Amino acid sequence: MSGSNGIAIGSVLVLDKKKRKVQPKKIKSDTILSHLKRYAKSKEKFLNELDDLTENLDNKTASILETQKHIASDIEIEKRVNTSIEVDQYSVDFAIYKVFNEFIERLKESGSELFQQRIIDIENIRDRLIDLSCEDEQKLEIEKGAILIVKEISPTDLVTFYEKGVKALVMDKGGVTSHAAIIAQSLNLPCIVSAKEAVNTASSSKHAILDATNGELILDPEKQTLDKFKKEIRRLQKETKTKDILKKPSFTKDGIEFHLRANIEFTQELNLAKEFGAEGIGLLRTEALLYGGITKKSEAEQDKFYEEILSQTEGPVVIRLFDVGGDKLNFHTPDEDNPFLGWRGIRMLLDEEEMFRGQLRSILKVAGKYPGQVKILVPMISMVEEIRLVKEKIAQLKSDLVNEKLTVDDSIPLGIMIEVPSAALLADHLAKEVDFFSIGTNDLTQYTLAVDRGNEQICTLYQQNHPSVLKLIKMTYKAAKENKIEISVCGELAGDEIGAACLLGMGITDLSMSPSHLPKVKELLINRSFEDLSRFSKAVLSCSTTAEIKHLYNNWD
Ligand code: PEP
Ligand code: MG
């Protein structure tokens with residue numbers, strides 16, 4: 001299934017992290033010292049990582065990390081690993097593996113329930129130490145233009161690979177609005193998701209063609225096929241270059257103005273947003289500031305990130321507060337049975353006082369330097385009480401900053417994501433609390449249809465254009481208009497042709513999307529009249545299935 005359209009030809013880079021095989025490997029005497037050093041270094045790095053994490057954590061999580069530290073620095077384990085390297089002459093990775101496994105076996109034999117629960121932690125420590133001890137050895141050679149094939153990947157890792165030259169992505173898991181697919185669209189990387197067995201099937205291939213638009217991965221293609229796709233790539237490149245649509249003003253044929261903005265998360269995405277004519281950033285995701293699994297950014301680093309975005313953007317920048325949880329995991333995220341229904345977005349922010357205040361401080365400071373440009377967006381609001389609490393906290397913080405003699409933009413607009421059905425249903429009440437709504441159709445679809453947005457098994461049921469989702473959007477739009485607040489859509493539906501036509505037809509003139517979708521959406525909207533779009537939207541809203549809606553669109557003249 002296509003996660004981001006386009007065609008790529010390149011070498012195959014399969015990454016199967018989970019398949020690490022640690023095998024008994026003997027080393028030569030003259031390398032013993034270097035293996036001992038690698039073990040010592042991996043331990044030091046691991047303990048530093050844990051130290052970094054322990055700051056700003058609640059007591060329960062901090063105490064879990066504290067236990068991890070004790071295990072990692074256990075003298076008995078250290079002695080045994082060293083002996084295994086020095087005396088048995090095992091390589092550092094196998095020495096760690098062996099000693100930790102012996103430890104795990106002892107715990108298993110003890111039969112204690114408490115110890116059993118610890119086993120998974122110990123396995124994690126073992127694997128992290130092995131990773132760190134082999135880090136230098138494993139520096140991947142990445143050929144420019146490689147097609148990366150993975151089971152799944154975090155957005156930060158994807159951006160890192162992109163910077164190293166990866167030009168396309170195939171993921172065994174995930175759906176079209178899973179986080180990595182959104183980033184792929186934004187970076188203009190052809191991508192297919194839900195590829196199921198690609199990691200296995202491609203493991204011995206050298207080259208491939210990825211026709212992401214048609215959801216096809218062709219491994220080790222023949223010359224004839226290769227030539228055909230090369231020609232197609234040249235044709236597409238020419239087509240994009242000659243597009244003058246981007247220079248045209250954003251008005252429908254009958255003169256209704258609309259605004260197309262970009263959804264981004266990384267500074268690397270700014271170029272494409274600019275190139276494709278985005279009028280500012282309609283959604284700045286900020287979770288990457290917390291990813292990396294281990295790293296977290298200080299307030300100064302956050303300041304730098306927002307400053308970098310604002311200094312390079314003309315037009316509004318809607319900064320969304322950390323939406324951690326669900327598929328956007330980080331070190332704060334606990335194990336939960338239902339992470340998408342769990343401690344996510346505003347729920348976590350209201351509990352994690354320091355994280356919340358740190359981010360708000362940073363945003364308010366930068367907003368002071370760019371008056372009128374920044375808006376704050378709160379994710380995952382499902383109840384009115386939540387936004388009231390947020391407002392209290394912002395007011396308190398503003399007065400703290402004023403006392404510290406910092407410049408604060410006092411009129412900074414505050415908005416909420418409408419991405420949970422309860423928020424759409426309560427939109428008339430919520431509209432009285434905030435300055436604007438931004439509809440997050442990715443989650444709204446997931447929660448309305450009860451379909452996990454990243455689960456490849458049920459991805460055909462994930463339908464952003466479903467009549468039930470569109471009805472909730474219409475209801476939200478009505479509440480916003482009646483209460484005279486601004487409304488925009490920042491979910492992927494805005495970047496879908498049927499979706500964009502229907503949204504504008506409803507009257508939503510502010511649409512934000514992955515930069516790569518901007519040209520096609522603009523082309524569609526400037527070639528239609530508002531009257532025409534309204535009629536289409538009305539017809540869509542009376543449909544009972546997504547298939548009917550698609551049929552309407554395909555037969556629209
Ligand atoms: C959404 O849910 O539509 C949205 C824009 O947010 P995210 O995809 O980051 O959850
Ligand atoms: Mg969302």
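Both ligands and their constituent atoms are indexed starting at 1 by order of listing. Everything numeric here is computed off the predicted structure, so don't read it as measured data. The basis for the numbers below is simple: all heavy atoms, side chains too, and nothing from hydrogens, waters or symmetry mates.
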Determine, for [X] against [Y], whether the closest basic-nitrogen to carboxylate-oxygen distance falls under 4.0 angstrom.
{"X": "Arg388", "Y": "Glu433", "result": "yes"}
{"X": "Glu353", "Y": "Lys393", "result": "yes"}
{"X": "Asp323", "Y": "Arg285", "result": "no"}

Problem - The one among Ala494, Cys490, Ala181, Ser512 that brings a heavy atom closest to atom 5 (C) of ligand 1 - result: Cys490
Exercise for the section: Give the single entry among Glu287, Glu265, Met417, Met513 that approaches atom 4 (C) of ligand 1 most closely by any heavy atom. Expected result: Met417
Problem - Close approach, Arg320 and ligand 1, non-hydrogen under 4.0 angstrom - result: yes
Practice task
Could you verify whether a donor N or O on one side chain and an acceptor N or O on the other, from Glu497 and His517, lie under 3.5 Å apart?
Solution key: no
Handout entry: At the Mg ion (ligand 2): angle between Asp443 atom OD2 and Glu419 atom OE1, to 10 degrees
Key = 90°
Problem - Contact atoms of ligand 1, heavy-atom distance to Arg285 under 4.0 Å - result: 4 (C), 5 (C), 6 (O), 7 (P), 8 (O), 9 (O)
Counting only heavy atoms closer than 4.0 Å, does ligand 1 sit against the backbone of [X], its side chain, both, or neither?
{"X": "Leu283", "result": "side chain"}
{"X": "His179", "result": "neither"}
{"X": "Arg453", "result": "side chain"}
{"X": "Arg344", "result": "side chain"}

Fill in the blank from the handout: Taken in chain and number order and not counting sequence neighbours, the residues that satisfy side-chain contact (heavy atoms from CB on, under 4.5 Å) with Ser537 are Cys502, Met506, Leu541
Which donor-acceptor pairs under 3.5 Å do side chains of residues 360-372 form with protein atoms, sequence neighbours excluded?
unit_1 : atom_1 : unit_2 : atom_2 : d
Arg361 : NE     : Glu299 : OE1    : 3.4
Arg361 : NE     : Glu299 : OE2    : 3.0
Arg361 : NH1    : Glu404 : OE2    : 3.1
Ser362 : OG     : Asp303 : N      : 3.2
Ser362 : OG     : Asp303 : OD1    : 2.4
Lys365 : NZ     : Glu299 : OE2    : 3.0
Lys365 : NZ     : Asp303 : OD2    : 3.0
Lys369 : NZ     : Glu307 : OE1    : 2.7
Tyr370 : OH     : Glu307 : OE2    : 2.5

Handout entry: Any N or O of Glu492 closer than 3.5 Å to N or O of ligand 1
Key = no
Handout entry: Pi-cation contact, Trp556 with Arg528 (under 6.0 Å, within 45°)
Key = yes
